[in-house]
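Inspection log for the structure reproduced underneath, given as structure tokens.
Just so you know, these numbers use all the heavy atoms, side chains as well, and skip hydrogens, waters and symmetry mates. In what follows, chains are A, B, ... by sequence order, proteins preceding strands, each numbered from 1.
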2 protein chains.
Amino acid sequence: WATAPTSGLLLNSVEAKGISQQVAELPLLAKSVEAMAEGLNAFMSIDMDVPVPRDAGGGYTHERHKKNGQAIYEAATLYQVTGEQRYADFAVALLLRYADLYPKIGPHPEHKHQAPGKLFWQILNDAVWLVYVIQGYDQLQDVLTPEQKELIARNLLNPYVKYLSVDSSETFNKVHNHGTWAAAAVGMTGLVLGNQEYVDIALKGSAKDGHSGFLKQIEALFSPDGYYTEGPYYQRYALMPFVVFARALDRVQPQWDIFKYRDGVLLKAIYACINLSYNNLFFPLNDAIKDKGLDTIELVYGVDIAYALTKDKGLLSVAANQQQVIVSGDGLLVAQAIAAQQQQPFDYSSMLFRDGANGDEGGVAVLRSDDAKSALVVKAAGQGMGHGHFDRLGWLYYDHGNEIVSDYGAARYLNVVTKRGGVYLPENNTWAKQSIAHNTLVVDERSHFNGKLGKASESSAKVSVFSDKLNAVSVVEANAYPGVSFERTMGLIQTALLDSPLVLDLMTIRSSTKHQYDLPLHYAGQLTYISEQPKVALNTMETLGKKHGYQHLWKKGWLPVNGSAAQVTWLKGNRFYSLNTLLPKDSQILFAELGANDPEFNLRRENALVLRQTGRKDTHFVSVLESHGEYNGVREYTKQPTSQVRGLEHHVDKDLSLVLVELDGGARIVVAKADSVDPDQQHTLAFNGKRYQWRGHLAIFEESSNDGK
Amino acid sequence: WATAPTSGLLLNSVEAKGISQQVAELPLLAKSVEAMAEGLNAFMSIDMDVPVPRDAGGGYTHERHKKNGQAIYEAATLYQVTGEQRYADFAVALLLRYADLYPKIGPHPEHKHQAPGKLFWQILNDAVWLVYVIQGYDQLQDVLTPEQKELIARNLLNPYVKYLSVDSSETFNKVHNHGTWAAAAVGMTGLVLGNQEYVDIALKGSAKDGHSGFLKQIEALFSPDGYYTEGPYYQRYALMPFVVFARALDRVQPQWDIFKYRDGVLLKAIYACINLSYNNLFFPLNDAIKDKGLDTIELVYGVDIAYALTKDKGLLSVAANQQQVIVSGDGLLVAQAIAAQQQQPFDYSSMLFRDGANGDEGGVAVLRSDDAKSALVVKAAGQGMGHGHFDRLGWLYYDHGNEIVSDYGAARYLNVVTKRGGVYLPENNTWAKQSIAHNTLVVDERSHFNGKLGKASESSAKVSVFSDKLNAVSVVEANAYPGVSFERTMGLIQTALLDSPLVLDLMTIRSSTKHQYDLPLHYAGQLTYISEQPKVALNTMETLGKKHGYQHLWKKGWLPVNGSAAQVTWLKGNRFYSLNTLLPKDSQILFAELGANDPEFNLRRENALVLRQTGRKDTHFVSVLESHGEYNGVREYTKQPTSQVRGLEHHVDKDLSLVLVELDGGARIVVAKADSVDPDQQHTLAFNGKRYQWRGHLAIFEESSNDGK
Ligand SMILES: [Zn+2]
Ligand SMILES: [Zn+2]
């Protein structure tokens with residue numbers, strides 16, 4: 001039985017004993033241990049193999065080394081928590097094989113990148129391998145003989161660290177996700193071997209001057225609110241080495257107080273991941289696989305670690321949904337707390353996540369209803385590097401458990417070899433990244449920045465006002481199109497007049513020259529009502545345009561609108577959604593369906609409305625989206641399948657404006673807006689015999705049906 | 001507190017007391033009682049109104065009388081199970097209002113049908129009303145004074161029965177669902193009032209000769225297997241008056257032994273409903289709203305009653321999924337059994353449901369895998385009256401929780417007033433009923449029977465062989481097209497060679513003249529692989545044809561196939577599905593998408609493959625559909641995204657044939673078929689140096705990769 005102390009990176013012998021003794025009473029932990037044992041037992045039943053590295057990613061030696069590294073970690077962990085000697089024997093034997101192999105190999109033969117690994121074609125994979133293996137080695141302290149330890153350190157760990165940090169110093173000192181994995185590997189090895197040099201260079205870079213290394217990466221890669229510029233999908237991925245190394249450091253060398261570093265940004269980054277989700281799925285901003293959510297392994301680490309640090313009971317409900325914990329001290333704490341029924345709902349609330357290392361590159365606003373049933377996401381951030389989409393001032397909307405106004409995410413079938421090997425598909429560039437694929441303004445059928453990454457990376461959108469009190473945000477984009485700037489004010493207006501919040505969408509466009517303005521709305525659901533019969537493509541259908549994503553949209557129908565309000569209702573889940581929109585003379589609502597110019601049938605068949613204004617300079621788009629009613633097919637009733645919005649007006653008077661939403665029965669919601677964002681400035685505007693007075697950029701008034709009569 | 005005995009139609013005072021005492025410990029019952037109380041309390045909070053009948057269906061007086069009838073039942077029931085006097089007072093007061101109104105009114109002014117009601121425009125609604133109200137009246141025995149009872153019987157119940165059974169004797173004596181409701185209303189009233197005449201005419205018709213009435217309806221409306229010819233969606237609906245009246249009769253006059261009548265067909269009908277479902281949803285044969293399933297109120301009655309009669313613990317798992325029970329004696333039993341954790345999985349197995357009163361009008365075969373994960377449905381039944389679809393020999397396939405090969409169901413948005421008031425849409429006729437909307441043969445782009453109901457109703461398809469041992473069925477249709485007959489053999493082949501059963505689809509067509517044969521396959525999912533690049537509509541798209549449903553399909557792509565096997569794979573849920581099909585020279589696979597000629601955007605966007613053979617007389621379609629692999633987006637792995645079928649051959653030798661399916665690795669599945677359906681006939685066929693010997697119509701052989709080498 002294990003008694004000798006380990007360094008206890010994420011699991012020490014006291015915790016291991018605790019797991020061993022309590023696992024039967026802790027269902028979540030039991031499930032996690034069993035899953036680990038099941039996978040490992042299967043792996044142990046095949047012959048051990050530590051091949052000379054040969055294959056690129058996906059090939060045999062690549063996959064085998066990955067699995068071997070994972071198995072060393074798992075076997076050593078299972079030895080600690082079950083006491084079964086066969087796990088220790090297996091882990092030791094495999095480790096010794098690596099100690100034998102490592103001195104004999106050079107840089108990987110298949111490398112195509114600047115930074116080859118030795119076991120793998122990319123040094124990134126080598127770093128990840130060591131992060132797992134060093135945790136396994138740590139759990140084997142009491143079974144390894146002094147001679148074995150010396151051998152492993154001499155032949156494997158020390159030269160491995162040297163290869164990562166010295167021979168590959170360029171990657172090691174990069175302020176980039178690959179550098180973080182390298183720092184984690186080197187730093188954690190230092191903690192286990194008691195080699196402070198390794199810890200120091202991991203934290204402060206090869207030169208130990210802090211210009212690179214883990215601390216620098218914490219500063220540079222997250223915004224002050226813990227937002228990662230590529231978006232939540234990649235944030236989840238990037239998070240892993242940060243939280244694993246930080247937690248190990250915190251446990252072994254608490255003097256660094258790493259989770260307080262930079263105002264606690266690592267914890268903020270974990271919370272940001274959770275907050276950037278709905279119904280357990282991440283908001284699919286930028287390149288994102290839409291299946292990904294809070295149950296990914298990276299977030300299992302994140303949540304368990306965050307709970308250990310904060311004891312926030314809201315995290316327990318996230319952990320319970322994950323249906324697994326890490327087999328670690330923190331995982332034990334989480335499983336104990338859940339078994340003791342301490343979990344509480346996670347507190348999802350309206351938040352602004354500023355983007356950029358200094359928080360001055362725009363941001364992503366998340367507006368939620370008090371009951372957490374509705375969420376509105378407004379993106380006004382930086383470009384997000386190569387995985388960024390051209391979607392300045394775009395939005396998403398979720399309600400009653402469903403995606404209602406959506407982003408396509410990435411055009412990619414992850415790991416599906418019949419879809420071009422599982423990589424990003426051509427349609428990721430030709431469709432998914434283009435502005436028309438998003439719920440944002442497209443001018444003259446060209447994407448923001450003409451679809452050029454370099455140009456887009458030079459600037460960010462701007463959040464001019466964020467109010468969690470009003471549940472509203474104003475955002476501005478001035479660079480996406482030469483000579484055109486646009487501002488968008490969006491709100492999730494909670495009012496006793498309606499049983500769901502009303503989405504306000506007010507876009508103001510300024511230009512000195514005439515343009516075609518398209519405002520797409522990608523809706524999920526089935527159309528159930530259009531206020532007038534559109535013209536519809538019956539026997540033949542053509543594309544909406546030729547390029548910038550328009551070539552992928554079929555033009556299903558078009559409805560001319562001439563200076564009036566139009567209404568489009570769709571059904572999603574058991575609920576109806578109505579867009580009420582006000583369009584000037586010579587406008588159109590286009591009905592489009594994705595799927596043209598798609599020779600490999602790569603694109604999903606999704607639907608969009610496109611609000612189009614033609615030949616305009618300055619103009620506005622004014623819409624409200626209402627969630628209403630209920631469709632119940634089982635019990636055979638339908639409630640309120642039509643919008644309760646019966647009138648929509650927009651009144652502009654110089655730098656002040658009103659959006660007036662009249663409901664059935666005559667009550668009104670009035671949104672008053674000043675161009676000024678000064679929170680203290682007083683404004684007064686008279687309209688239709690009423691005076692509206694407010695302070696600051698925005699105000700929301702409710703008028704009962706008797707007001708003003 | 002209630003002590004006087006009631007007739008106890010579905011609830012007697014002992015049971016009511018049981019509910020009252022145990023409800024706190026029985027969550028399912030508590031939920032059901034609470035739901036009833038919540039709805040009723042809301043209704044009681046508005047002013048009582050018993051208006052003079054005026055409006056047609058959907059109008060105020062119509063809806064109000066419906067709600068009043070329901071409220072009398074609910075208030076009386078809640079009085080019994082809670083002891084709260086206010087419920088009794090309310091029910092009595094409302095009943096007396098009807099006793100006041102009823103003598104004053106004549107036939108409903110809005111009637112447009114031959115059979116007007118008095119409270120409602122259709123007598124059907126009047127009958128339904130009384131079925132509820134008489135149950136309520138029954139629960140009020142101990143609170144009504146003798147004078148009140150006399151008044152209600154004289155002014156309401158007796159004249160109501162007279163109106164249903166004498167004044168409206170044509171409906172009453174109809175062998176039709178409307179007649180069943182009338183019989184139930186009259187018979188249950190007889191049971192409560194102790195009026196045997198009412199019971200007798202309800203059971204045997206006005207003339208008491210058994211040519212009409214409830215017993216006759218039991219004989220005529222269900223097949224010997226309990227199948228209702230309109231299909232499961234309407235079967236569920238039709239079931240209600242049968243089970244409610246039968247159960248009341250069984251409790252009050254058990255001497256009829258009604259649930260044993262005709263070999264227990266009423267119980268078979270309840271079980272048929274359950275068996276004609278997958279993942280709690282009914283197979284959407286004929287006109288069907290696809291949301292409907294085992295949790296509909298009719299099946300709640302059916303399951304609770306069937307459990308009381310059979311104590312089949314498998315029914316408890318269905319009841320648990322329904323999440324409610326009837327507030328009745330049977331509901332109490334179910335709630336007790338579930339609370340005592342007696343529930344077991346319902347035993348879904350392969351079954352044939354013969355159609356027609358005598359069971360000789362074809363049938364619906366349901367083939368399931370042993371693990372119940374897969375289900376294959378083959379329809380070879382009668383037309384199913386006006387709600388029938390032209391889909392002889394069509395099939396459906398479900399796997400791993402999802403619909404994989406689908407039927408559109410009905411083109412209708414039930415109760416959604418913005419969709420033409422919620423009625424069947426024009427596209428129900430132009431698309432949903434047409435043969436091309438189904439997974440069956442279409443000859444020369446015309447629907448079966450040219451889409452004519454009358455002609456189709458004269459015949460049925462035929463089930464020539466059903467084998468639950470082989471999990472296969474052979475079906476034949478000889479009347480759908482003049483001069484063309486087609487036979488289909490389908491199987492859900494379970495083999496240790498594959499981890500999911502293989503769907504076999506072998507169609508043989510005979511005609512002395514040349515035709516175009518289309519075999520559509522409506523698949524759910526995203527295409528991930530096609531064995532050759534099809535031609536694809538890129539910038540413009542046209543319809544597949546002009547009529548019989550073809551006008552609703554866009555022609556997305558087409559792949560010429562010339563006497564070889566082709567493969568199409570799609571992803572649905574976390575699994576891949578591959579159609580492997582063998583097509584002769586000059587064939588095509590068409591890729592189609594629903595949605596053309598749909599000016600109101602009524603149709604869902606669904607996808608189909610159409611296998612097309614042109615200019616052929618006798619021919620075959622030979623396909624196998626494989627469920628394989630796994631897509632896991634959360635944990636980022638994909639297994640087996642390609643079919644394991646690497647070869648498909650069809651060998652015909654006079655009246656014998658072989659389908660040879662070769663798998664990766666060389667193992668083979670061989671299906672041997674004789675034209676003869678004689679189960680005892682011996683057959684021998686040699687092919688490729690091997691001899692296949694079998695007895696009967698069909699046999700399935702497995703050959704390991706070494707066989708024959
Ligand atoms: Zn996007
Ligand atoms: Zn159908």
Side-chain angles (χ1 to χ4, degrees), chain A residues 289-297 413-419 422 526-530 533-543 546 551 554 556-557 569-571 574 576 591 593 595-607 629 631-639 641-642, chain B residues 289-297 413-419 422 526-530 533-543 546 551 554 556-557 569-571 574 576 591 593 595-607 629 631-639 641-642:
Chain A
I289 305 294
K290 292 177 90 170
D291 313 272
K292 287 282 187 186
L294 302 186
D295 54 350
T296 47
I297 187 66
Y413 296 86
L414 189 65
N415 295 320
V416 178
V417 294
T418 54
K419 286 293 192 186
Q526 171 69 42
L527 293 178
T528 58
Y529 176 70
I530 304 167
Q533 175 64 45
K535 308 220 188 305
V536 175
L538 296 175
N539 291 298
T540 60
M541 199 153 65
E542 316 230 319
T543 60
K546 297 291 174 207
Q551 74 277 21
W554 293 114
K556 289 201 302 187
T569 303
W570 64 95
L571 173 65
N574 289 326
F576 297 91
F591 297 83
E593 180 171 315
N597 280 291
D598 180 21
E600 298 173 12
F601 302 131
N602 286 333
L603 294 169
R604 299 189 303 269
R605 267 37 184 177
E606 302 195 341
N607 292 291
Y631 169 78
N632 192 319
V634 174
R635 297 183 55 198
E636 296 200 352
Y637 64 80
T638 295
K639 294 179 185 167
T642 51
Chain B
I289 305 294
K290 293 177 92 170
D291 314 272
K292 288 281 187 185
L294 302 185
D295 54 351
T296 47
I297 186 67
Y413 296 86
L414 189 66
N415 296 319
V416 178
V417 295
T418 53
K419 285 294 193 185
Q526 170 70 41
L527 293 177
T528 57
Y529 176 70
I530 304 167
Q533 175 64 44
K535 309 222 187 304
V536 175
L538 296 175
N539 291 298
T540 61
M541 198 153 66
E542 315 230 318
T543 60
K546 296 290 173 206
Q551 74 278 20
W554 294 114
K556 287 199 303 187
T569 303
W570 64 95
L571 174 65
N574 288 328
F576 297 91
F591 297 83
E593 182 171 315
N597 281 289
D598 181 20
E600 297 173 13
F601 301 131
N602 286 333
L603 294 169
R604 300 189 302 269
R605 269 34 186 179
E606 303 196 340
N607 292 290
Y631 169 78
N632 192 318
V634 174
R635 298 182 55 198
E636 297 200 352
Y637 64 81
T638 295
K639 295 179 184 166
T642 52

Next item on the list: Compare all side-chain heavy atoms of Tyr631(B) with those of Leu414(A) and state whether any distance is below 4.5 angstrom.
Entry: yes

Margin query: Need one label for Asn632(A): side chain, backbone, both or neither, based on atoms under 4.5 Å from any heavy atom in chain B.
Written below: neither

Next item on the list: Determine yes or no for a side-chain-to-main-chain donor-acceptor pair under 3.5 angstrom, with Thr418(B) supplying the side chain and Tyr529(A) the backbone.
Entry: no

Next item on the list: Below 4.5 Å from any heavy atom of chain B, which atoms of Asn539(A) appear? Answer side chain, backbone, both or neither.
Entry: both

Check: So which of Gln533(B), Gln551(B), Lys546(B) has the biggest tally of heavy-atom pairs under 4.5 Å with chain A?
Finding: Gln533(B)

Check: With a 4.5 Å limit on heavy-atom distance, are the side chains of Glu606(B) and Arg605(A) in contact?
Finding: no

Next item on the list: State, to 0.1 Å, how close Leu538(A) and Ala596(B) come at their nearest heavy-atom pair, and which atoms those are.
Entry: O-CB, 3.5 Å

Next item on the list: Pick one of side chain, backbone, both or neither for Thr642(A), based on which atoms fall under 4.5 Å of a heavy atom in chain B.
Entry: side chain

Checklist line | Selection from Leu527(A), Thr638(A), Asn597(A) maximising heavy-atom pairs under 4.5 Å formed with chain B | finding: Asn597(A)

Checklist line | Most contacts with chain B, counted as non-hydrogen pairs under 4.5 angstrom, among Glu600(A), Arg635(A), Glu593(A), Arg604(A) | finding: Glu593(A)

Margin query: Is the shortest side-chain heavy-atom distance between Thr296(B) and Val634(A) below 4.5 Å?
Written below: yes

Next item on the list: With a 4.5 angstrom heavy-atom cut-off, could you sort out which part of Leu603(A) is near chain B: side chain, backbone, both or neither?
Entry: backbone

Margin query: So, taking the atom named CG in Asn602(A) and the one named CD in Gln526(B), what distance separates them when rounded to the nearest 0.5 Å?
Written below: 7.5 Å

Next item on the list: To the nearest 0.5 Å, tell me how far Tyr413(B) OH sits from Thr528(A) OG1.
Entry: 8.5 Å

Next item on the list: Between chain B and each of Pro599(A), Gly595(A), Pro641(A), count heavy-atom pairs under 4.5 Å; write down the option with the most.
Entry: Pro599(A)

Note to self: For Glu636(A), is there an ion pair with Lys292(B) - N to carboxylate O distance below 4.0 angstrom?
What the structure shows: yes

Check: Can you tell me how far NZ of Lys419(B) sits from CG of Leu571(A), rounded to the nearest 0.5 angstrom?
Finding: 9.5 Å

Notebook entry, point to check: Any side-chain heavy atom of Met541(A) sitting closer than 4.5 Å to one from Glu542(B)?
Noted result: no

Item checked: Portion of Asp295(B) that has a non-hydrogen atom of chain A nearer than 4.5 angstrom -> both

Margin query: Tell me whether Lys556(B) contacts the main-chain N or O of Phe601(A) through its side chain, where contact means a donor paired with an acceptor under 3.5 Å.
Written below: no

